[in-house]
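In what follows, a single structure is set out as structure tokens and then discussed.
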Amino acid sequence: MAIKFNRVDFKYQGFDNKGYLALSNINVSINAEGEFITLIGETGSGKTTLVQHMNALLTPTSGNVTIFGLKIDQENIKKKKFRLNPIRQKVGLVFQFPEYQLFEETVLKDIMFGPKNYGVDEATARERAIKMIKVVGLDESYLDRSPFNLSGGEKKRVSIAGILAMEPDILILDEPTSGLDPLGRDALLRVFNDIHQKLNKTIIVITHDMNTVYEYAKRVLVMRDSYLVYDGDPHTLFSKKNIENWNLDIPDIINLLHHLEKDFNITFPKQPQNVDELLTMIEEVAK
Amino acid sequence: MKNIVIGRFIPGNSFLYKMDPRTKIIALIILMISAFVLRGFMNMFIALGLILLLLLLGRINIIRVIRGLKPLMFLLLFTFTFQILFNETGPVLIVFEQEASWTLHYSWLNILAVVGVVFFWFFTRRFVRFRLLYLVATLVGSIALLINLQLGYVFNTGDLTIHQNAVETGFFIMMRLIIIVTLSTILTLTTKPTDLNLGLESVLKPLKYIRINTEEMAMIIAIALRYIPTLLDEANKIMLAQASRGVDFSEGKMKDKVMQIVSLLVPMFIISFKRSDELANAMEARCFVPGNPRTRLHQLAWTYADTITIIISLMALASVITLRVVGINV
């Protein structure tokens with residue numbers, strides 16, 4: 001188990017001394033290898049707070065999180081010489097808004113910033129930057145540009161490259177596809193899928209797009225009002241009846257499948273993974 | 001970062017919250033002037049007691065106000081120490097000159113040693129739990145060093161004498177600062193930024209006659225106040241974002257520290273500029289034209305309570321002036 005949440009509560013401290021409960025009684029374990037997890041839930045349900053616990057940016061108010069063997073709770077965090085920095089190299093977190101992290105003069109320097117903080121030498125960092133800028137779908141000409149003159153989507157990709165260059169074991173992305181055009185979104189998701197499949201790394205993606213969830217995720221976590229209400233595979237999730245109660249909608253492909261089954265009285269042998277699979281299934285039925 | 005109290009409104013309901021912002025601003029100014037006119041130990045303590053009473057009646061969390069005073073502590077102790085050391089007027093209160101061991105020796109090496117001690121304090125204070133005590137210990141230690149060390153050529157010696165005026169002035173400065181900051185904290189804690197803006201605008205109205213556009217000034221102040229918490233939250237988010245790229249804000253060498261601050265400041269500036277640009281656009285989209293006469297949704301209403309408050313503050317000022325003129329500086 002790379003990350004293990006044990007009865008985690010988290011409260012944002014307010015001025016009225018009551019605070020806002022963002023996480024309640026979260027128990028979840030995440031492997032360092034081979035997982036593609038999507039985290040869904042309506043806005044304000046605690047998704048971002050949850051992922052910020054995964055690389056120790058936040059400390060649970062009660063309960064504990066164990067990250068790569070390091071137990072993080074209120075007691076340990078107060079100890080001197082308790083170093084959280086190495087964890088953040090292993091668990092890379094890309095924030096929702098790239099504006100919060102871009103600051104260097106050039107894209108190259110900005111991507112090199114993360115690795116250099118972890119003691120990677122100049123040449124290797126440069127090598128990684130050149131590699132990663134291509135991975136996120138931009139070309140090398142971007143490396144000399146200022147990160148502030150890029151478009152929203154390009155900034156997003158640069159910020160993702162900045163985290164990828166740290167070569168984390170687990171990659172967490174907070175709404176990586178918001179503000180991207182459909183083509184760019186698909187390309188980026190394929191990049192994450194590639195990283196997941198080739199390097200067998202765990203990817204955690206926060207998203208609002210159910211199609212993404214259905215097509216890529218092996219495991220889905222659903223947050224609702226600070227509780228983790230679902231932890232399992234997407235097929236089971238979307239065949240549930242009460243899914244609208246969680247303010248989620250059904251992926252287009254499942255919707256279409258339901259309509260086909262209902263209106264034409266066809267029963268399909270299994271749920272298709274993507275459009276191509278659905279097409280072959282329809283072809284078989286039509287024969 | 002979230003402990004910064006100055007400039008933050010905290011919701012509540014007591015008579016202080018219901019008061020007209022104009023009253024609060026005028027009363028604040030009157031009471032501030034009173035604090036400066038006031039002399040005498042007893043009087044100062046009475047004034048402080050009255051303010052505590054005001055906090056209690058207004059149901060304001062005193063601990064919160066004290067926490068807001070914390071950043072001032074350094075300044076207060078600093079002025080007090082300097083007054084004690086260098087103010088040499090008035091009757092001598094305590095003399096240490098009879099005993100030879102109390103003589104201060106000024107030599108370059110001694111001063112260097114003191115500077116060293118101060119630097120040591122500056123870099124180690126983070127690791128000490130009782131920082132205020134540590135600061136006092138450092139100050140006392142520096143004086144002790146000056147007394148005991150006689151390194152190199154001593155070009156000047158001075159006796160450590162404490163004069164009455166020094167203690168008085170130091171104490172008064174301290175008390176006045178505490179009173180003023182507490183009063184202004186009460187104002188900002190109990191007044192919504194929008195109300196504060198309205199109040200300031202109408203209080204500053206007379207400035208129009210000397211061609212100062214008070215409406216614009218009030219708008220600038222209101223926007224500045226409004227964005228303090230927002231920018232703090234942004235700063236917090238930026239810190240988290242950079243922390244996940246390996247920036248360690250609590251540790252690191254001096255060279256790294258500079259880079260850390262740059263990595264925090266640049267996004268901060270970019271976001272602030274972007275925000276102000278967006279705000280300007282939003283204001284323009286709602287037909288905001290600077291200088292044009294505007295109507296208000298919330299009109300300020302003057303009540304009896306406000307008149308009474310002003311009268312009480314004026315009475316406080318009057319009594320303070322009387323005390324000063326009559327010469328009761330106990």
Side-chain angles (χ1 to χ4, degrees), chain A residues 12-17 48-49 51-52 54-58 77-78 80-105 109-120 146-149 155 159 162-166 168 171-172 174, chain B residues 1-5 8-13 60-61 63-64 67-68 126-129 189-190 229 231-253 255-275 277-278:
Chain A
Y12 280 109
Q13 222 53 54
F15 286 105
D16 47 0
N17 289 330
T48 303
T49 314
V51 294
Q52 286 183 359
M54 291 182 186
N55 71 346
L57 288 176
L58 297 175
I77 206 85
K78 282 183 191 128
K80 279 168 198 169
K81 303 274 172 196
F82 191 72
R83 295 189 39 96
L84 298 169
N85 231 12
I87 290 178
R88 294 179 185 146
Q89 191 266 318
K90 285 183 183 156
V91 185
L93 172 59
V94 182
F95 272 63
Q96 188 175 357
F97 300 105
E99 287 83 5
Y100 288 133
Q101 71 170 63
L102 301 177
F103 76 99
E104 283 279 16
E105 296 154 54
K109 278 190 182 173
D110 210 280
I111 299 177
M112 282 162 64
F113 181 69
K116 273 165 77 184
N117 276 333
Y118 289 108
V120 173
S146 160
F148 305 111
N149 293 336
K155 275 186 195 165
S159 70
I163 301 291
L164 283 177
M166 285 162 31
L171 181 64
I172 306 174
D174 194 346
Chain B
M1 186 129 321
K2 298 220 161 171
N3 289 337
I4 294 173
V5 170
R8 278 237 194 185
F9 168 72
I10 291 164
N13 82 86
I60 295 170
N61 193 344
I63 295 164
R64 188 162 278 154
R67 229 188 278 150
R126 285 184 289 143
F127 309 112
V128 178
R129 181 162 283 191
L189 278 184
T190 61
L231 290 180
L232 277 179
D233 287 345
E234 304 265 74
N236 202 26
K237 277 187 191 156
I238 294 168
M239 271 171 86
L240 290 183
Q242 300 296 18
S244 54
R245 291 213 291 171
V247 178
D248 196 339
F249 286 98
S250 55
E251 290 159 46
K253 282 169 265 156
K255 200 188 118 216
D256 300 336
K257 279 250 149 54
V258 176
M259 208 55 195
Q260 289 166 10
I261 291 167
V262 170
S263 77
L264 188 64
L265 278 185
V266 173
M268 201 71 226
F269 269 107
I270 302 272
I271 286 173
S272 313
F273 281 127
K274 213 176 131 196
R275 268 196 183 280
D277 197 37
E278 278 166 8

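Under the 4.5 Å side-chain criterion, counting only non-hydrogen atoms from C-beta, A:Gln52 is in contact with B:Leu240. In this structure the side chain of B:Arg245 reaches within 4.5 angstrom of the side chain of A:Asp110, judged on heavy atoms. Side-chain contact between B:Ser263 and A:Phe103 is present, with heavy atoms from C-beta onward closer than 4.5 Å. Side-chain contact between B:Lys237 and A:Phe97: absent, with no pair of heavy atoms (C-beta onward) separated by less than 4.5 Å.
Contacts between B:Ile271 and chain A at a heavy-atom distance below 4.5 Å involve the side chain alone, from C-beta outward. Proximity to chain B is absent for every atom of A:Gln89, based on heavy atoms less than 4.5 angstrom apart.
Listed here is the closest heavy atom pair of B:Pro267 and A:Glu99: CB-O, 3.5 Å. In this structure, A:Leu93 and B:Ser244 approach most closely via the heavy-atom pair O-OG, 3.6 Å.
Chosen from B:Leu265, B:Val262, B:Leu264, the residue pairing most often with chain A at heavy-atom distances under 4.5 Å is B:Val262.
Judged by distance alone, the side chains of A:Tyr100 and B:Glu234 do bring a donor and an acceptor atom under 3.5 Å apart.
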